[in-house]
Colleague: 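One structure, pasted below without further comment.
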Amino acid sequence: MKIAILSRNTRLYSTQRLVDVARERGHVVRVLDPLRCYVRIAPGNMSIRYKGKALRGIDAVIPRIGVTSTFYGTAVLRQLEMMGVYTPNSSDAVLRARDKLRSLQMLAAKGLDMPATVFGDNPDDTADVLAMLGEPPHVIKLNEGSQGTGVVLAEKKSASQSVIEAFRGLYANFLVQEFVAEAKGSDLRCFVVGKKVVAAMQRDASPGEFRANLHRGGTASKAILSPEERRIAVQAAGALGLGVAGVDMLRSKRGPLILEVNASPGLEGIEAATGVDVAAAIIALLETETVQAEAAPLPRRRATRTE
């Protein structure tokens with residue numbers, strides 16, 4: 001099988017692990033910087049080139065698209081999809097997950113619980129928006145932040161209003177959530193591949209910090225999930241159409257609460273904490289899905305690839 005990995009950095013742990021495992025399993029792998037891909041769009045003649053050469057014969061693509069290249073990266077991914085290349089995370093699914101507000105709306109529509117969330121645009125409505133949420137502390141998040149960036153804990157209503165005013169001054173999109181105190185600075189990262197949680201870790205915030213992200217100094221350990229937590233993680237990934245996802249949730253008095261669903265979850269932290277070969281699980285999913293696609297009846301087979 002010929003696999004492409006859309007990644008801007010070949011030296012990243014996650015990218016390199018996927019490359020190494022795929023090659024160990026006998027596949028041909030190529031890492032493509034999505035910003036160096038360029039496309040031709042025309043009826044019956046879709047093509048994509050990379051550094052002056054046509055890309056042909058790709059069977060599957062794994063998107064590792066960063067926040068800063070979301071727009072162009074998903075456009076490249078969409079082109080590959082239209083040329084019949086299999087991907088566990090479609091361009092539309094990546095866009096759903098990247099937009100926190102949209103993803104929470106979709107998860108809520110499926111009946112999946114989460115911290116109460118509010119948003120509003122007009123400064124005149126700020127007080128009433130916060131009243132809809134309840135008393136502080138409040139967690140204020142940038143809509144497209146990652147790795148804990150753009151996440152602020154406001155312990156007083158006046159602080160919430162000040163942070164909201166600051167974000168509005170930057171023309172940033174944001175949302176406000178209830179603070180779940182009983183989580184005590186810990187959360188769960190559930191790594192979903194296909195329709196199964198293949199690994200899970202608990203992340204604990206460093207002293208004086210409420211964000212449990214490993215990039216913020218948090219620590220990780222292997223987590224034992226309840227059947228309900230596993231079910232919710234798989235449902236959350238499925239609700240957004242993701243075949244590979246990192247589902248973050250809190251343990252609360254009212255049960256598991258989903259924080260967000262990540263379409264490009266890192267492998268380093270969870271493989272180190274759990275000892276699970278997550279990269280192998282992802283490549284195995286590609287193997288299964290591409291074989292099934294080739295074996296499908298003709299009307300359901302993937303479109304013939306052009307240049």
Side-chain angles (χ1 to χ4, degrees), residues 11-18 20-21 64 66-67 97 100 103 107 112-115 137 139 141 145-153 177-238 240 242-285:
R11 293 172 293 181
L12 289 176
Y13 177 92
S14 300
T15 301
Q16 194 57 56
R17 281 284 293 129
L18 291 166
D20 292 344
V21 170
R64 302 288 309 175
V67 173
K100 288 185 174 67
S103 63
L107 295 172
L112 297 172
D113 206 359
M114 62 197 63
V139 179
K141 298 181 178 181
S146 64
Q147 299 177 345
T149 58
V151 181
V152 180
L153 176 64
Q177 291 185 319
E178 67 170 309
F179 176 64
V180 182
E182 62 267 28
K184 298 180 179 179
S186 297
D187 68 14
L188 298 173
R189 162 60 63 89
C190 308
F191 208 110
V192 177
V193 178
K195 297 182 180 180
K196 180 181 178 182
V197 176
V198 298
M201 64 179 173
Q202 177 173 311
R203 301 181 297 192
D204 299 297
S206 59
E209 176 63 79
F210 78 99
R211 295 168 294 183
N213 303 76
L214 300 186
H215 289 83
R216 298 290 156 189
T219 58
S221 58
K222 184 176 181 179
I224 305 299
L225 301 182
S226 68
E228 181 185 19
E229 288 167 341
R230 289 181 175 276
R231 175 183 59 79
I232 288 173
V234 172
Q235 285 184 331
L240 300 185
L242 295 169
V244 173
V247 181
D248 297 340
M249 62 176 69
L250 299 175
R251 285 171 167 161
S252 76
K253 294 176 181 177
R254 63 180 189 265
L257 303 178
I258 298 174
L259 287 175
E260 63 180 281
V261 182
N262 193 320
S264 297
L267 305 184
E268 186 171 11
I270 199 159
E271 288 195 336
T274 65
V276 176
D277 191 341
V278 178
I282 295 172
I283 300 302
L285 174 67

Colleague: When you compare the side chain of Lys222 with that of Val276, does any pair of heavy atoms fall below 4.5 Å?
Modeller: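 They are not in side-chain contact.
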Colleague: So, taking the atom named CD in Gln202 and the one named OG1 in Thr274, what distance separates them when rounded to the nearest 0.5 Å?
Modeller: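 Rounded to the nearest 0.5 Å, the CD-OG1 separation comes out at 13.5 Å.
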Colleague: What's the separation between atom CD in Glu260 and atom CG in Leu240, rounded to the nearest 0.5 Å?
Modeller: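 It comes to 11.0 Å.
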Colleague: Given side chains that start at C-beta, do those of Lys141 and Leu259 come closer than 4.5 Å, heavy atoms only?
Modeller: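 Result yes, sub-4.5 Å side-chain heavy-atom pair found.
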Colleague: Tell me the closest heavy-atom pair linking Val247 and Ala233, and the distance in Å.
Modeller: CG2-O, 3.5 Å
Colleague: Within the side chain of Glu229, is there an N or O that forms a donor-acceptor pair under 3.5 Å with the backbone of Arg251?
Modeller: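 Not a single qualifying donor-acceptor pair exists.
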Colleague: Quick one: do Ser252 and Leu257 satisfy side-chain contact (heavy atoms from CB on, under 4.5 Å)? Show the steps, please.
Modeller: CA-CA 7 Å; Ser252 76; Leu257 303 178; 3.4 Å; yes
Colleague: Could you walk me through whether Ile258 and Ile232 satisfy the side-chain contact (heavy atoms from CB on, under 4.5 Å) test, starting with their C-alpha distance in whole Å, then the side-chain angles of each, then the deciding distance to 0.1 Å, before giving a yes or no?
Modeller: CA-CA 8 Å; Ile258 298 174; Ile232 288 173; 3.8 Å; yes
Colleague: Can you tell me how far apart CG (Asp248) and SG (Cys190) are? Round to the nearest 0.5 Å.
Modeller: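 Rounded to the nearest 0.5 Å, the CG-SG separation comes to 8.0 Å.
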Colleague: Distance from Arg230 atom CZ to Lys196 atom NZ, nearest 0.5 Å?
Modeller: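 Going from CZ on Arg230 over to NZ on Lys196, the span is 8.0 Å.
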Colleague: Is there side-chain contact between Pro256 and Met114, with at least one heavy-atom pair below 4.5 Å?
Modeller: no
Colleague: Please report the shortest heavy-atom distance between Val192 and Ala237, naming the atom on each side.
Modeller: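 Closest approach of Val192 to Ala237, heavy atoms only: CG1-CB, 4.0 Å.
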Colleague: Verify the neighbour count for atom CZ of Arg11: are there more than 12 heavy atoms of other residues, nucleotides or ligands below 6.0 Å?
Modeller: no
Colleague: Does Ser14 reach the main-chain N or O of Leu267 with its side chain, forming a donor-acceptor pair under 3.5 Å?
Modeller: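 Yes; at least one donor-acceptor contact below 3.5 Å.
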Colleague: As an exercise, state the distance from NZ of Lys100 to CG of Asn262, rounded to the nearest 0.5 Å.
Modeller: 8.5 Å
Colleague: Judged by atom type as modelled, is there a donor-acceptor pair below 3.5 Å linking the side chain of Glu182 to the main-chain atoms of Lys253?
Modeller: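 The answer is yes, because a donor-acceptor pair under 3.5 Å joins these two groups.
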Colleague: Tell me which one of Asp277, Ile282, Val278 satisfies side-chain contact (heavy atoms from CB on, under 4.5 Å) with Val21.
Modeller: Asp277
